[in-house]
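Below is one structure, written out as structure tokens; the observations come after it.
Heavy atoms only: backbone and side chains are in, while hydrogens, waters and symmetry mates are out. Predicted model, so just to flag it, every value in this text is computed and none were measured. Lettering follows sequence order; numbering is per chain, from 1.
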Amino acid sequence: MGCYSTPITISKILNGMHIGGVVATQDQNEKFFITVAWPYPSGAMHIGHARTYLIPDIVARWKRMMGYDVLFPMGFHLTGTPIVGSVERIKSKDQSYLKLLKEVFEVSEEDIKRRLEDPESFARYFIDESPLGYKKGMVGLSLSIDWNRECTSIDPQYKRMVEWQFRKLYEKGLVRKGKHPVKFCPNDDNPVTDHDLLEGEGVGIAEFTLIKYRGEDGAIFPAATLRPETIFGVTNLWVNPNVSYLKVKVGEENWIVSEECAKKLPFQGKNVSASTKKISGGKLVGRSATNPVTGKAVEILPAKFVDPGNGTGVVGSVPAHAPYDYMALKDLGSDIEPIDVIEVHGRGNATEELIAELKIKSQHSEKLEEATKKVYKLEFSSGVMASNIPGYGGKRVSKAKDEIKAELLENNFADVMWEFDEKPVQCRCGAECVVKLVEDQWFLRYSDGEWKEKVERYLDELELIPKESKEYFRNILSWLEDWPCTRKVGLGTKLPWDDKWIIESLSDSTIYMAYYTIVPYTKEMDPEAIDDEVYDYILMGKGDPKELSEKGLDEKLLKKARESFVYWYPLDVRYSANELIPNHLTFMLYHHLALFPKELAPQGIVTFGMGVLEGRKMSSSRGNIYPISKAIEELGTDGTRYYLTCLSEPWQDFDFRRGQALTTSRIIERIRTAVKNGLKFEPNEHKPEWMDRWLLSVFQRNVEEANRTLAIYQTRKGILSAVDEPFRNLRWYLRRGGDRIEILEDWIKLMDPFLPNLAEELWELIGKDGEVERESYPEFDSSSLDEDAESREKFIQDMMEDIAKIVAVALRKKKKDEKKIRVVIAENGEGKEWERETLKSAIPIYEERFGMGIKVEEGGKETKEPLPGRPAIYIE
RNA sequence: GCGGGGGUAGCCAAGUGGUCAAAGGCGGCAGGCUCAAGACCUGCUCUCGAAGGAGUCCGCCGGUUCGAAUCCGGCCCCCCGCACCA
């Protein structure tokens, strides 16, 4: 297999031509600033990444040829924990990870030791050095990136900007401290993300209300519930007679909870004094406790369904609305009557009905789970509080729930604790995770009404592609809450006013597009000398560069940085994955709108669909990736570009199939061959006189379509119009006796944004100097349109199809020897001359195609009269 | 559960009221070129049909309409996101 196009790229690299990239110029043309989500270099660059970076490259190249000053930069995101985690795994000789490095990422034993045992060096390895790394992949794909702007999220100058950004937000009151429950590994003493879990991915955290029933001796039985509104219907409490309970001191109170619960409470901000006083559940049975709201005493009864590992191990019993409670009372033979506190319009008690319907016989029935869910859902969505409930009668359950809970908490009648809504949740280290309440976490206040509204309003001005994503954004805003923006571990920028925290990775990369505009200048600055005033000047135009220069910075450099920012900002289009809409892209809008005037917020967002490989999710850890280096080797640079582009539009999902890619990408070779052959043609006198006009005409239609679709970011349609269609037309033209390829120059220009290496190669081949990419992109010229020529060729093609049908039917099971085709044109048709001339020109291709002689006649005394424009066809 | 997207021929994928048996690509088949293979070129690729026609077809079921892949209602199935994580 040939690397069709790579030799040119490589020769450019050798000639020192900025490794295939393109340096942005500020020529005071119209500017176009385009960025794409920067990669996190924790492994090999694969074909999915390749498409992400290729699509904006096509647009950047097109805009450049359209005469824009284009800025298409690239940086690398190193913030966060995965790289640090990978390095840890190497140090601890994690065999499965080492295997991945060696076998999938093709890292040598030596490089693992030499380069990968430090996070920054690890990242640099996958950015610069690895043959499977990002930069080699991007260069190999001929991406026209301005590498002068390369930067990372841990460059000191970048960190200064993030510090500036956070202090600004802090001053505006948009960052504040708060509490939040998280998944936490007690063994590692660290919060865990879903990614770090052995089991329990996607498990949610549910907030239980602990209702404080006071026992006779003053000890509190905190009954855990998800339904505080049922407190009015509690008839008794449940404990499990077979488990141990502890009396522990929580703050000033004595609580009786299960042993498991006593271990969890300290993680949830409860001040718990250790206690060794065990009480068996059985011993609690028979005691009584007082309902804090109704003041009624209720008895403590035994129930085996009570799970000591969930909540407190103490449960309030609401037989009217909880199937478990109902059955447990039945099992005990108790005469306690259920108390209805929720009504569902138009039906009786849902609990009793379901128990009857599902034929549930005891508290051990498996069907109780199902019944419980149904009752809960029904009563939550369509239930109202019974009319006799003071203060809440008639209120919707969904509303009353929160109000009652708030009231209970306010009166110290209740507390809260968190539990996973599914179990088990197990850390990679094997330990069982707990819910921890992080107390001094910093939050970005995305729930802030004013801030949120700004974003919401801006959505209407923003160009969103595909436009469906606007609905998606709106939906995100409807539920987006405050975002915990700091972490204890990982790479990144320290929170400027509280340096035990590191700014979390999605929060430190919300305005980095602004940073690209100034990298060439900040690189020259001493990071120590950069303070908030410097960024106030560069990004907001405040202050005087002359005064600032006294900090030890070059005044000219400062001015240039400011000019560059002003020149390029705002961002014209942002490319990113649609899975980043719920976080990064939304945050990007928030931060821009908080820090800059609306005019400087990103103008457009294009979101990518998902990619899969051979129908399966791409996954480095499972080895299901197709590294970009391999793609370039097997398909060639332009072959890879071609296949990735025509696979689907950017926002659509795609399935990369290597086998298909191998055959599809052969088009590069076919075009090359066709052009080479086309150059050798001798003038052909049999060519119909309109053929050249035809070729120019249909080519103009391709030009129009290519420009139209690129302008709306439809690169798939774009490549079909710029590459496939002209090629198909060219082949028809040659088949029809065409002999001079007048469109060649423009066609090469047209294909350049998509297949730059092939374009350059052909450009040279046809004897042109310089580079195609410096030429102007062809623009639609309606004066070349030729309706007559187009309808003639259309007529010929339609007739060919009709003849083929008739030949197939007429000659079924017969030999075509000595048969002839006779085409009879209507003699009364106005266009009979036109028809005859057109059809006669096609005789050679018809004869070749059908292997029979063909006659074109007029009139005739056939049974069926031919219609004008619809000649009759006879096989005889 | 909530929200977003989707189900079109062997596969991928265009297609938003008639011009649709449905573009294009891949695969398959046949022919040409070639010593041969690859590449390249041409044609065929739902069923029936001795004349350009007919039938069936776009996840399933109904409806609107002279006419539905396309519009409306209901159902089934698939993918993605639901947060402290890049």
**Asked** Which one is paired to U56(B), where only Watson-Crick or G-U wobble pairs with both distances under 3.5 angstrom count?
**Response** none

**Message:** Using 30° and 60° as the class boundaries, would you call the ring planes of W451(A) and Y590(A) parallel, tilted or perpendicular?
**Reply:** perpendicular

**Fill in**
Under a 3.5 Å limit on both distances, the Watson-Crick or wobble mate of G27(B) is U45(B)

**Request:** Quick one: sort the F587(A) and Y446(A) rings into parallel, tilted or perpendicular, breaks at 30° and 60°.
**Result:** parallel

**Selection from A14(B), A83(B), G43(B) that lies nearest to any side-chain heavy atom of W483(A)** = A83(B)

**Message:** Of the options A83(B), G25(B), C11(B), whose atoms approach the side-chain atoms of R657(A) most closely?
**Reply:** C11(B)

**Asked** Among A14(B), G5(B), G43(B), which is the nearest nucleotide to the side chain of Q652(A)?
**Response** A14(B)

**Message:** Can you confirm if the aromatic rings of F754(A) and Y642(A) lie within a centre distance of less than 6.0 Å?
**Reply:** no

**Request:** Search all heavy atoms of L580(A) against all heavy atoms of A37(A) and return the closest pair with its distance.
**Result:** CD1-CB, 4.5 Å

**Request:** Quick one: label R735(A) by what it contacts on the DNA or RNA (base, sugar-phosphate, nothing), any heavy atom closer than 4.0 Å.
**Result:** sugar-phosphate

**Request:** Please confirm whether any donor atom in the side chain of D802(A) sits under 3.5 Å from an acceptor in the base of G52(B), or the reverse.
**Result:** yes

**Item:** Nucleotide paired to A9(B) in any strand shown, Watson-Crick or G-U, under 3.5 Å
**Value:** none

**Prompt:** Given that both distances must come in under 3.5 Å, which nucleotide forms a Watson-Crick or G-U wobble pair with G1(B)?
**Reply:** C82(B)

